[in-house]
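Here's the structure we're looking at; comments come further down.
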Number of protein chains: 2
Amino acid sequence: MPDEEQKPARPNARTRLLDVAMVVIRRKGFAATSIDDLCRAAGVTKGAFFHHFASKQELGVAAADHWSETTSALFADAPYHRHADPRDRVLGYLDFRRSLIAGETSAFTCLVGTMVQETHESSPAIRDACRNSIFDHSKVVEADIAAAMEVTGTVPGWTASSLALHFQAVLQGAFVLAKAGNDPEVALQSLDHLRRYVALLFDRSPGKGTEE
Amino acid sequence: MPDEEQKPARPNARTRLLDVAMVVIRRKGFAATSIDDLCRAAGVTKGAFFHHFASKQELGVAAADHWSETTSALFADAPYHRHADPRDRVLGYLDFRRSLIAGETSAFTCLVGTMVQETHESSPAIRDACRNSIFDHSKVVEADIAAAMEVTGTVPGWTASSLALHFQAVLQGAFVLAKAGNDPEVALQSLDHLRRYVALLFDRSPGKGTEE
DNA sequence: GACTACATACCGACTGGTTGGTATGTTTCA
DNA sequence: TGAAACATACCAACCAGTCGGTATGTAGTC
């Protein structure tokens with residue numbers, strides 16, 4: 001009976017800082033986010049911050065890694081994996097990505113895509129952590145794409161890897177346009193074009209719309 | 001008697017600041033670029049800066065507008081317009097965009113795409129200037145896409161506007177991945193996928209130019 | 001053509017607040 | 001008891017923005 005009912009099991013300062021970093025940095029950008037901003041949002045002090053991170057840059061790297069872990073779990077649990085035909089898994093991946101795009105811009109955009117734009121020259125450590133996050137994630141679909149290519153049987157002038165990265169490019173670009181237009185709609189339409197492309201490549205009817 | 005012959009007519013402080021802003025902001029990001037950075041690069045003083053711009057935000061807006069004018073001139077002079085068939089003009093646009101991607105990352109990426117990621121929430125004025133730059137530019141291809149759709153004659157489930165914006169999304173996303181990977185190659189491959197998509201839509205062979 | 005009145009372009013020292021980071025406690029818990 | 005996990009107080013550098021000033025034009029007027 002004396003459970004931890006009311007308190008949602010407040011985790012330690014490091015985890016709280018990384019959690020709020022995902023939200024705040026997506027909203028304000030990395031450079032414009034001060035360490036005090038993060039401490040305030042996480043309800044910790046500067047001493048706690050520098051106990052866990054040697055510098056702001058190190059938090060950036062840790063935030064990118066934390067993002068990778070968070071999204072990995074999300075996609076591992078996604079329902080589209082159950083499709084028997086790999087072509088349906090590829091399209092299902094896109095439908096799943098599409099279903100995530102809704103509400104506040106900062107809720108569905110990509111942390112590492114945002115961060116790497118700012119830090120790609122000034123901080124190689126953060127850039128590499130962001131690169132790993134994006135490129136490693138692309139491997140998740142790449143396997144299904146490769147399987148779908150075998151099913152289709154054609155010998156195309158492109159690789160599974162390049163198409164998987166194209167997926168990520170379209171998503172990142174869709175986020176940029178959604179931010180610029182302050183409206184997720186343009187991102188959804190871009191994903192529809194990508195889905196149509198994949199359907200054409202794999203000789204699938206373009207139908208099957210939104211989610212499942 | 002010593003005339004002003006040799007000097008290449010050094011323009012005024014405002015123009016110089018906007019010119020260096022295009023380079024420096026793409027390299028460091030907007031928030032991480034200080035006014036002193038810009039003044040140093042432009043060879044002007046802070047007094048000159050605040051004579052021409054009321055605030056850093058106002059420079060951001062002016063830089064986005066300056067970017068629009070610069071790129072407008074570039075695309076107006078581009079050679080792909082000469083194609084008679086609008087489908088070739090659409091593909092020619094993509095080939096032209098592709099030809100621009102080379103060398104240093106900060107040399108071919110997009111200023112407004114970079115800026116809007118950082119400022120979309122904190123500065124509506126900059127966000128809107130960036131949105132106008134991207135969305136207005138998309139109109140350039142949109143006209144050719146619409147003409148190409150008429151030539152093809154099909155009634156697709158998509159609009160010229162949405163495809164034109166998809167072009168911009170792919171480009172913006174390709175820039176993000178090029179920055180993350182520190183290599184333009186991935187951007188080129190993404191553009192190849194986009195070109196293949198367009199060729200399929202317009203029933204054009206995925207290869208280069210004109211065959212029916 | 002010279003004098004006044006005003007405008008534009010630019011200079012650089014200065015300010016008050018913010019920043020990333022440090023130095024030094026205090027609490028928690030194995 | 002001792003180390004890990006925090007908190008408090010503080011600092012030097014940096015930041016956007018201010019302000020008093022100069023140099024150069026330029027339009028109007030007598």
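So you know, we letter chains A, B, ... as the sequences are listed, proteins then strands, and number each from 1.
Under 3.5 Å, the side chain of K46(B) and the base of dA16(D) form at least one donor-acceptor pair of N or O atoms.
Checking the phosphate oxygens (OP1, OP2) of dC10(C), a side-chain nitrogen or oxygen of H52(B) falls inside 4.0 Å. The phosphate of dC6(D) (OP1 or OP2) has no side-chain N or O of H51(A) nearer than 4.0 angstrom.
Summarising the geometry, the separation between CZ on F49(B) and P on dT18(D) is reported as 12 Å, rounded to the nearest angstrom. Between the P atom of dA16(D) and the CZ atom of F30(B) lies a distance of 9 Å, rounded to the nearest Å. Atom C1' of nucleotide dA7(D) and atom CG of D36(A) are separated by 14 Å, given to the nearest angstrom. Between F50(A) atom CZ and dT24(C) atom C1' the separation is 15 Å, expressed in whole Å. For L17(B) and dC11(C), the CG to C1' distance is 14 Å, given to the nearest whole Å. Rounded to an integer number of Å, the gap from L59(B) CG to dC15(D) P is 15 Å. Straight-line distance from the CD atom of Q57(A) to the P atom of dT19(C): 19 Å, rounded to whole Å. If you measure from atom CD1 of I35(A) to atom C1' of dG20(C), you get 5 Å, rounded to the nearest angstrom.
Of the listed nucleotides (dC10(C), dA7(D), dG20(C)), dA7(D) has the atom at the smallest distance from the side chain of T45(A).
For the pair R40(B) and D37(B), the salt-bridge criterion is met [side-chain N within less than 4.0 Å of a carboxylate O]. A salt bridge between R16(B) and D19(B) is absent, with no side-chain N of the basic residue lying under 4.0 Å from a carboxylate O of the acidic one. With respect to R98(B) and D192(B), a salt bridge is recorded, a charged nitrogen being found less than 4.0 Å from a carboxylate O.
Along DNA chain C, the nucleotide closest to R40(A) and the one closest to G47(A) are compared, and the more 5′ of them pairs with R40(A).
Between H193(B) and W158(A), the ring planes are perpendicular. Angles over 60° get that label, and only those under 30° would be called parallel.
Note on K56(B): only backbone sugar-phosphate atoms sit closer than 4.0 angstrom, heavy atoms only; bases stay farther off. Within 4.0 Å of S34(B), counting heavy atoms only, lie sugar-phosphate atoms of the nucleic acid but no base atom.
For the residue pair A169(A) and S190(B), the shortest heavy atom distance occurs at CB-OG, 3.3 Å.
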